[in-house]
Number of protein chains: 2
Amino acid sequence: MRVRLEDVARAAGVSPKTVSRVLNDEANVRGTTRTKVLAAMQAMDYSPLLSARSLASNRSFMVATLYDNPSSSYLTEIQTGVLEACDQHHYSMMVRPLLVEAKDFVERVDALISHRRPDGLILTPPITDHPGLLARLHERGVPYASISPIWRDDTIGAFMDEPQAAREMMANLLALGHRRIAHIIGHHAHGASGWRLAGYRDALSTMGLAYDPDLVVEGDFSFDSGVAAARKLFSLARTPTAVFAANDDMAAGVIWAAGEHGLSVPRELSVCGFDDTPISRQTWPRLTTIHQPSRKMGRVAALQLLEVLRGHSDGRMVQVPFTLQTRESTAAAI
Amino acid sequence: MRVRLEDVARAAGVSPKTVSRVLNDEANVRGTTRTKVLAAMQAMDYSPLLSARSLASNRSFMVATLYDNPSSSYLTEIQTGVLEACDQHHYSMMVRPLLVEAKDFVERVDALISHRRPDGLILTPPITDHPGLLARLHERGVPYASISPIWRDDTIGAFMDEPQAAREMMANLLALGHRRIAHIIGHHAHGASGWRLAGYRDALSTMGLAYDPDLVVEGDFSFDSGVAAARKLFSLARTPTAVFAANDDMAAGVIWAAGEHGLSVPRELSVCGFDDTPISRQTWPRLTTIHQPSRKMGRVAALQLLEVLRGHSDGRMVQVPFTLQTRESTAAAI
DNA sequence: TTGCAATTTGACAGCGCTGTCATTTGTCGC
DNA sequence: GCGACAAATGACAGCGCTGTCAAATTGCAA
């Protein structure tokens, strides 16, 4: 037979309610009592029944991670981080793929909340920036934490100084002597696309270089869009000597297209990406990129959300550090 | 205020228990009654409170997907498939990364089951083949479905005819005129490694070719192990003209190593993989591989598990079809 | 039409926990 | 040592559903 809270209470010689208090880490329990109860729990290998707790307290002890992101490695990292945080506080996590462009997007999230009743949500780009959804969440009073949202005010979660990272990457290319540097923009719905482009432009103007619109091509973060963008760049009258793609997948696409085009990387073309996903170590040559600590961001964002859910604080927006990862895909300009 | 089962009952003019019966799709409810109740549910946008259902019925309406797999794309596919099936039957899914080699592996799963109480488990390789775990699950009576387990007897889930797929891949290389074909084995704990090797050997013997142990190298399914294996192969006195890697990541590693070694793929070396993960379209040239329908396998396995959980049948082990995907990494032998 | 079994429906308790509020115990100043 | 107040603990109901079992209804043969 299952050990219930009542059994622990009897063993510890206190009332069930007191055990409940200890379980929920509530104030106003004497230290000696707490110790006694914890010992009894331990001895009996007690673990509370989630459904009973949920029913009585009207909480689900579950957070849902929402995503609409084609990159499985990014996703897995975020997910792993969120799980780490959840485990730490005995919460569980469910995952929910969504289509942010779908007409019924907000209704779908609404339905998820009504049916599954997560205590809070973890939002990943570009879901972080859907005004309709955010409005609905505020309306319903559903707590959430965002990872790399465009607007950080009044929002908790985790972010990175993306423009600065892009500037450092550009500084690296400029130091190698590159002057015709192309940029491949990511999916327009993602804040990252704008930030990385901004960093690109900043770096150019700092060096007193003109911004050449021909060298800036639209992509959508996918490998294929990187290939297409590179083909466009290779067809220019004056081709670039370096390409800074807004993520690794597109950078890998550029390397692929360079192979197709007979261009040697990095001898004739330097290529760099952003994110440091596994693909950056699986191209040949390996990609110079910005290491984005996705797992950590997932963990940090989830911890902030849990702070709120546990009523310990209001949570905050935490900045996490990036690092420039230099590999073989970049070299001095010819 | 939330709509409860009782409210629906009142609206439909029946007892709560009858609404419960309809909700749970139980027998012995008159057609007209059922219709009436369903209409009321619809009209009131009723959705049952999971925690109350769980508490009363001692089920969690949740399945857990267990994995210890380095490939995030494989995992995401499986996970998506499982989610599709769960959604269809109003179950939810949680994910759980594990280390199958950890000393306390079985205890960890045990704890998961005790604390989270999933109604059933989805096992992915190599967790599918851990005798200690399977014994414990049987002992505790926890239903599970396996994806590509080594032993299929008395197990439900989904699988593919892997040896046959490997034979077809080999037939393809042999038809291109290759005679010195190397094979890179996957992680020894995975059944897939054995099956793919078996297909490799079968194909050789069918063609009357000798099995050369020098041409068979151990890997572990990772990109890096593919690189290492390729380096070993390139150092042989008589190098192979084709490499059949047991998965795409290792095949990509071979292409990477070929670049490093100055070997042109596919002119001087044909390379093929297995699984058809995204990486197979992101190498240059793109990989010839076997398309493994992972998402479908996830869905099918979950559906079989749900059959059991819903008491509709005992479930079965379902075979799903593969396809040979020919791309640019293989060509006629020199 | 009646009697009997099979089918359909309902009454009621209770799953295991927490919220509310009452009660007991402890602390402190004087 | 006493009263006043705060801190700690407990009693009890009830969260929203389902299991059990009893009651009502139906179908069918005689």
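Note that the structure is predicted; figures quoted are calculated from it, not measured. Below, read A as the first sequence line, B as the second, and so on, with proteins coming before strands; counting in each chain starts at 1.
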N/O (side chain, [X]) to phosphate O (OP1/OP2, [N]) under 4.0 Å:
{"X": "R30(B)", "N": "dT9(C)", "answer": "yes"}
{"X": "N58(B)", "N": "dT18(D)", "answer": "no"}
{"X": "S57(B)", "N": "dC15(C)", "answer": "no"}
{"X": "T33(A)", "N": "dT9(D)", "answer": "yes"}
{"X": "Y46(B)", "N": "dG16(D)", "answer": "no"}
{"X": "N24(A)", "N": "dT18(C)", "answer": "yes"}

Ring-face cation of R96(B) near Y67(B) (centre distance under 6.0 Å, axis angle within 45°):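 Not flagged: R96(B) not positioned over aromatic ring of Y67(B).
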Between F159(A) and R152(A), is there a cation-pi geometry (under 6.0 Å to ring centre, at most 45° from the normal)?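 Yes, a cation-pi geometry.
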Is it true that T18(A) and R30(A) share a donor-acceptor pair across their side chains at a distance under 3.5 Å?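 No, because no side-chain N or O of R30(A) sits under 3.5 Å from a partner of the opposite role on T18(A).
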Is E77(B) salt-bridged to K296(B), going by a charged N under 4.0 Å from an acidic O?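 Salt bridge flag = no for K296(B) with E77(B).
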With a 4.0 Å cut-off, would you call R140(B) and D110(B) a salt bridge?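 A salt bridge is present here (some side-chain N lies under 4.0 Å from a carboxylate O).
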Would you say the side-chain atoms of D119(A) pair up with the backbone N or O of V63(A), donor to acceptor, closer than 3.5 Å?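 It does not hold such a pair.
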Can you tell me the distance, in whole Å, between the [atom1] atom of [X] and the [atom2] atom of [N]?
{"X": "R4(A)", "N": "dT18(C)", "atom1": "CZ", "atom2": "P", "value": "14 Å"}
{"X": "L55(B)", "N": "dC15(C)", "atom1": "CG", "atom2": "C1'", "value": "4 Å"}
{"X": "M44(B)", "N": "dG16(D)", "atom1": "CE", "atom2": "P", "value": "14 Å"}
{"X": "M41(A)", "N": "dC17(C)", "atom1": "CE", "atom2": "P", "value": "9 Å"}
{"X": "N28(A)", "N": "dG26(C)", "atom1": "CG", "atom2": "P", "value": "15 Å"}
{"X": "R59(B)", "N": "dG16(C)", "atom1": "CZ", "atom2": "P", "value": "16 Å"}
{"X": "L49(B)", "N": "dC17(C)", "atom1": "CG", "atom2": "P", "value": "17 Å"}
{"X": "E6(B)", "N": "dC15(D)", "atom1": "CD", "atom2": "C1'", "value": "12 Å"}

Under 6.0 Å between the ring centres of F105(A) and H130(A)?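 Between H130(A) and F105(A), which both carry aromatic rings, the centre distance is below 6.0 Å.
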Rounded to the nearest 0.5 Å, what's the gap from CD1 on I127(A) to CG on L134(A)? Could you check?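 CG of L134(A) is found 10.5 Å from CD1 of I127(A).
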For DNA chain D, determine which residues of residues 11-23 of chain A have any heavy atom closer than 4.0 angstrom to one of its atoms, and list them numerically.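 Correct list: V14(A), S15(A), K17(A), T18(A), R21(A).
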Side-chain contact, heavy-atom cut-off 4.5 Å: R59(A) with Y91(A)?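 Of all side-chain heavy-atom pairs linking Y91(A) with R59(A), at least one is under 4.5 Å.
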Are any of the side-chain heavy atoms of S148(A) and Q292(A) separated by less than 4.5 Å?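 Counting from C-beta outward, S148(A) and Q292(A) do come under 4.5 Å.
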Strictly below 4.0 Å, heavy-atom distances to any atom of DNA chain C: list the hits from residues 112-120 of chain A, or just say none.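 Here the set is empty: none.
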Between E26(A) and A56(B), just flag the one whose closest nucleotide in DNA chain C comes earlier from the 5' side.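 Nearer the 5' end of the strand: A56(B).
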